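Notes follow once the structure below has been shown.
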Amino acid sequence: MKANYHTHTTRCGHASGSDEAYVLAAIEQNFDILGFSDHVPWPYASTFRNPRVRMDVTQIEDYLSSVAKLRAKYRDKIRILTGFECEYFPAYLSWLAETKEEKGIDYLILGNHYDRSDENGMYFGRVHTPKELRLYVKDAVAGIESGLFVYLAHPDLFMRGGYPFDGDAKAACKDLIAACLEYKMPMEYNVHDRYLYNVTHRISYPNRDFFEMVMAAGVPVLIGIDAHDPDEISNSRQWDIAEAELGGYRYFLRHLPELTGAK
Ligand SMILES: [Zn+2]
Ligand SMILES: [Zn+2]
């Protein structure tokens, strides 16, 4: 089985390519499962909108119907799932749970990008102090505990802005590991930044030190392309490198059985 659950669309305002182009790329790369998980729109209480980060709530129907059409059109070739990548925004989580039920969304992944809301919360890709790092961990753990999400995307996001793997980072990693083990939540080995900067080495995530601790602890890990362009799927270099890095790991997951019923 070959599955990628982390795929965006142009609706988020910072991705390119048609929805169908992502599907065709995945078929060409022999994926069995392609999950769309575009950045969820939040029903902001304020007038705040974030069109370069996420779609508007009014675009949900278009997103879901487009994916449903592709699912039907390519059903003999690939299994397509509908999802969202979501933060832990407490004020809007009941809306999220209801929307998932109501719209028959297959799954949600936890991408802990902002503290409590992007209306005024900090961006966790630019963590610079231990205090900010604790906020990141607190929100991530609360998200894991919420039971809404199937996996934790780029758990090492806090290192994107150059935060070192120091004692505080180790403590953060330890807390994330403990929560994931307790709630049986896999972590994602996210290859997007290596694609973006056209490198084979780690520049932000996945961070080697972080994942050495994760693997020593036995947390299940799966690869996420985090595709913002169909070429991230077509160009298999980053996927192959990640597979080589994880291939020998006992808890490397190639798909999420609970989403497909397949073994
Ligand atoms: Zn994005
Ligand atoms: Zn993403």
Side-chain angles (χ1 to χ4, degrees), residues 3-19 21-23 25-26 31 33-42 49-57 59-60 63-64 66-67 80-89 96 100 105-115 117-118 121-127 136 139-140 143-144 148-161 176 185-198 202-207 221-235 238-239 242 256 259:
N4 170 53
Y5 301 98
H6 200 157
T7 312
H8 292 278
T9 79
T10 52
R11 294 168 191 81
C12 70
H14 60 276
S16 41
S18 68
D19 299 349
Y22 288 89
V23 174
F31 277 89
I33 297 165
L34 181 73
F36 280 92
S37 51
D38 207 358
H39 295 282
V40 77
W42 294 105
R49 296 289 179 272
N50 208 351
R52 292 181 65 185
V53 169
R54 57 184 84 256
M55 66 179 82
D56 189 81
V57 277
Q59 292 173 276
I60 292 178
Y63 170 61
L64 295 178
S66 170
V67 175
I80 294 174
L81 300 174
T82 53
F84 278 118
E85 177 178 24
C86 319
E87 289 80 4
Y88 176 75
F89 290 173
L96 182 63
K100 178 178 183 287
I105 292 161
D106 295 308
Y107 68 99
L108 306 172
I109 62 175
L110 176 58
N112 185 30
H113 301 108
Y114 297 91
D115 178 35
S117 177
D118 49 351
M122 76 164 295
Y123 172 56
F124 285 135
R126 278 191 292 272
V127 164
Y136 174 76
D139 290 352
I144 292 163
L148 279 169
F149 306 106
V150 295
Y151 79 59
L152 176 59
H154 40 59
D156 41 356
L157 171 71
F158 67 91
M159 300 182 81
R160 197 179 205 189
L176 296 172
M185 174 155 303
M187 287 187 184
E188 178 197 60
Y189 202 72
N190 188 297
V191 299
H192 175 63
D193 266 10
R194 286 202 288 209
Y195 173 86
L196 207 57
Y197 300 104
N198 193 28
R202 296 169 165 87
I203 45 167
S204 61
Y205 49 66
N207 178 270
V221 172
L222 78 180
I223 301 171
I225 297 179
D226 199 355
H228 288 75
D229 190 303
D231 187 55
E232 290 189 67
I233 299 172
S234 306
N235 180 341
Q238 270 71 16
W239 181 278
L256 296 170
L259 288 182

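Reckoned from all heavy atoms, side chains included, excluding hydrogens, waters and symmetry mates. All ligand and atom numbering here is 1-based and tracks the order in the structure. Keep in mind that this is a model prediction, so the values were computed, not measured.
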- prompt: Residues two or more places apart in sequence or in another chain: which of them pass side chain to side chain contact (heavy atoms under 4.5 Å, CB included) with Leu64?
  reply: Ile60, Thr82, Lys103, Ile105
- prompt: Excluding sequence neighbours, so at least two apart, what forms side chain to side chain contact (heavy atoms under 4.5 Å, CB included) with Ala140?
  reply: Asn112, Leu176
message: Rounded at 0.5 Å granularity, tell me how far OH in Tyr107 sits from OH in Tyr151.
response: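 Interatomic distance, Tyr107 OH to Tyr151 OH, rounded to 0.5 Å: 7.0 Å.
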- prompt: What is the number of protein N, O or S atoms that sit under 2.8 Å away from the Zn ion (ligand 1)?
  reply: 3
- prompt: Closest approach of Tyr63 and Asp38, non-hydrogen atoms and distance?
  reply: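 Smallest heavy-atom distance, with atoms named: OH-N, 3.1 Å.
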- request: Give me the ring orientation class for Phe158 and Tyr136: parallel if the planes are under 30° apart, tilted from 30 to 60°, perpendicular past 60°.
  value: tilted
task: Identify, with sequence neighbours excluded, every residue that meets salt bridge (charged side-chain N to carboxylate O under 4.0 Å, His left out) alongside Asp231.
output: none
